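Notes follow the structure.
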Amino acid sequence: MTKFSDLNLNPKVLKAIEEAGYESPTPIQEGAIPSALEGKDVLGIAQTGTGKTASFTLPMITLLARGRARARMPRSLVLCPTRELAAQVAENFDIYAKHVKLTKALLIGGVSFKEQDALIDKGVDVLIATPGRLLDHFERGKLLLTGVQIMVVDEADRMLDMGFIPDIERIFSLTPFTRQTLFFSATMAPEIERITNTFLSAPARIEVARQATASETIEQGAVFFKASRRDREGSEKRRVLRELIEREGEACTNAIVFCNRKVDVDVVAKSLKKYGYNAEPIHGDLDQSQRTRTLDGFRDGSIRLLIASDVAARGLDVPSVSHVFNFDVPSHAEDYVHRIGRTGRAGREGKAFTIVVPKDEKNFEDVEKLLEKEIPRVELPSAPKPKASAKQDVAEEPAAAAPEKADKGEKKSTRSRSRKSDKPAQEKPARRSERNDNNVVGMGDHMPEFIALSFEERRAS
Ligand code: AMP
């Protein structure tokens, strides 16, 4: 197996990678880094989650570590389709370049021109930008692209979807012909092929297996559940969440719990804390220093559960999240893919569970449509049977009928002990039976065997 140390990267970059906890390069890194370091153009066909950001950032830092920036003439340029992605690349850059003296500027909407102008005036090594904002700066005469030695185009297919291709072509034409180009796209649409044929010169083409929309290393499950009374939905959902967390036991080393609304982020975080969990909320209303503290705590493992809204989680780079729990089904199916993409990153295994109440069933259907697959149903003591009659629910599981009491009882009876011993003794047999009536639909007679296995059995197989 290739090691980072075999790749000819700057020793200071290697040190930063080690500190980031990366053990070995991902396939896109193994493929792209050597060619990039040789100064060749690279065409990387890879999706988010494959480690592609480091596959261009690491050689860039190594190459740029020699030499110095000149005023208004950035030495390299990274173009990203969205602000969030640009911010994420900038964050990655900071991690990998922390032992190297390089300057960077981020040109995205929402960041003031003035500050960025001042940085560019001084001279930056790396300019990370969205195409529109970059051209705005250029047109205001604040920027010269003739010093660009390395240009990266990230997520070109999304650029295409967003109508940025003419901007990209223009930017290409403003940079020197001799520049090195590192170009990344998840797919090769004809328009993308055309651009690469025009602007890349004999590129090294590295294609890594396309991951399914939601990475195949992510095991997914959904708990269909109907509250015993409408006004108890919130508290019963929180109980379901706790059961899901308990059910995962120690395998759940750290997790992000997503809520659709900020107010629920706070309520869920508070409730989990009350039950003895190590949980903190993160959302846009918290001040920056608090958000940074929380994120740092989550990154270094001192916070186990991060309760987040979609907006807060965007641009969040947490390398190894074992679990994602969707307290609510997101109202846009694409957000589901983003949310669960927080686990199972860079080939790691991850699990993602979603709680589905009746009013979210339509949104959940949209998620399954987008993924083009059925997400296996999970049964829990308090959410025993998907779409079963209420009568049956009550008869089988009295806890579901009196959740508030059960909530309180549970606090004493289960939480204070270790996670492993919290598990009810009958859990294994109960899951076996759950498997048998596990209501997997939409597979016809061809249901893959693994879907019928319990999580433990799947893990073991
Ligand atoms: P990306 O595809 O660039 O969005 O990267 C996905 C995630 O994988 C990020 O959270 C990176 O921090 C992480 N990552 C990148 N390279 C590696 C690696 N070689 N080993 C472990 N994690 C990595």
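Note that ligands are numbered from 1 as they come in the structure, with each ligand's atoms numbered from 1 the same way. In this text, all values refer to a predicted model and were calculated from it rather than measured experimentally. One-based numbering along the sequence shown.
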Residues at least two apart in sequence or cross-chain that pass salt bridge (Lys or Arg N to Asp or Glu O under 4.0 Å) with Glu30, listed by chain then number, are none
Item to complete: Would you check whether Ser24 reaches within less than 4.0 Å of ligand 1, judged by its heavy atoms?
Response: yes
So is there a nitrogen or oxygen of Tyr22 less than 3.5 Å from a nitrogen or oxygen in ligand 1? yes
Any nitrogen or oxygen of Pro25, main chain or side chain, under 3.5 Å from a nitrogen or oxygen of ligand 1?
no
Which of Val223, Val240, Ile245 passes side chain to side chain contact (heavy atoms under 4.5 Å, CB included) with Phe325? Answer is Ile245
Numbered in order shown, the ligand 1 atoms found under 4.0 Å of a heavy atom of Thr53 are 1 (P), 3 (O), 4 (O)
Numbered in order shown, the ligand 1 atoms found under 4.0 Å of a heavy atom of Phe4 are 19 (N)
Exercise. Establish, from distance only, whether the side-chain atoms of Asn363 and Ser331 form a donor-acceptor pair under 3.5 Å.
Key: no
query = Is there a nitrogen or oxygen of Gln29 sitting under 3.5 Å from a nitrogen or oxygen of ligand 1?
reply = yes
Note to self: I'd like to know whether the aromatic ring centres of Phe199 and Phe183 sit less than 6.0 Å apart in this structure.
What the structure shows: no
- State yes or no: are the ring centers of Phe184 and Phe56 separated by less than 6.0 Å? yes
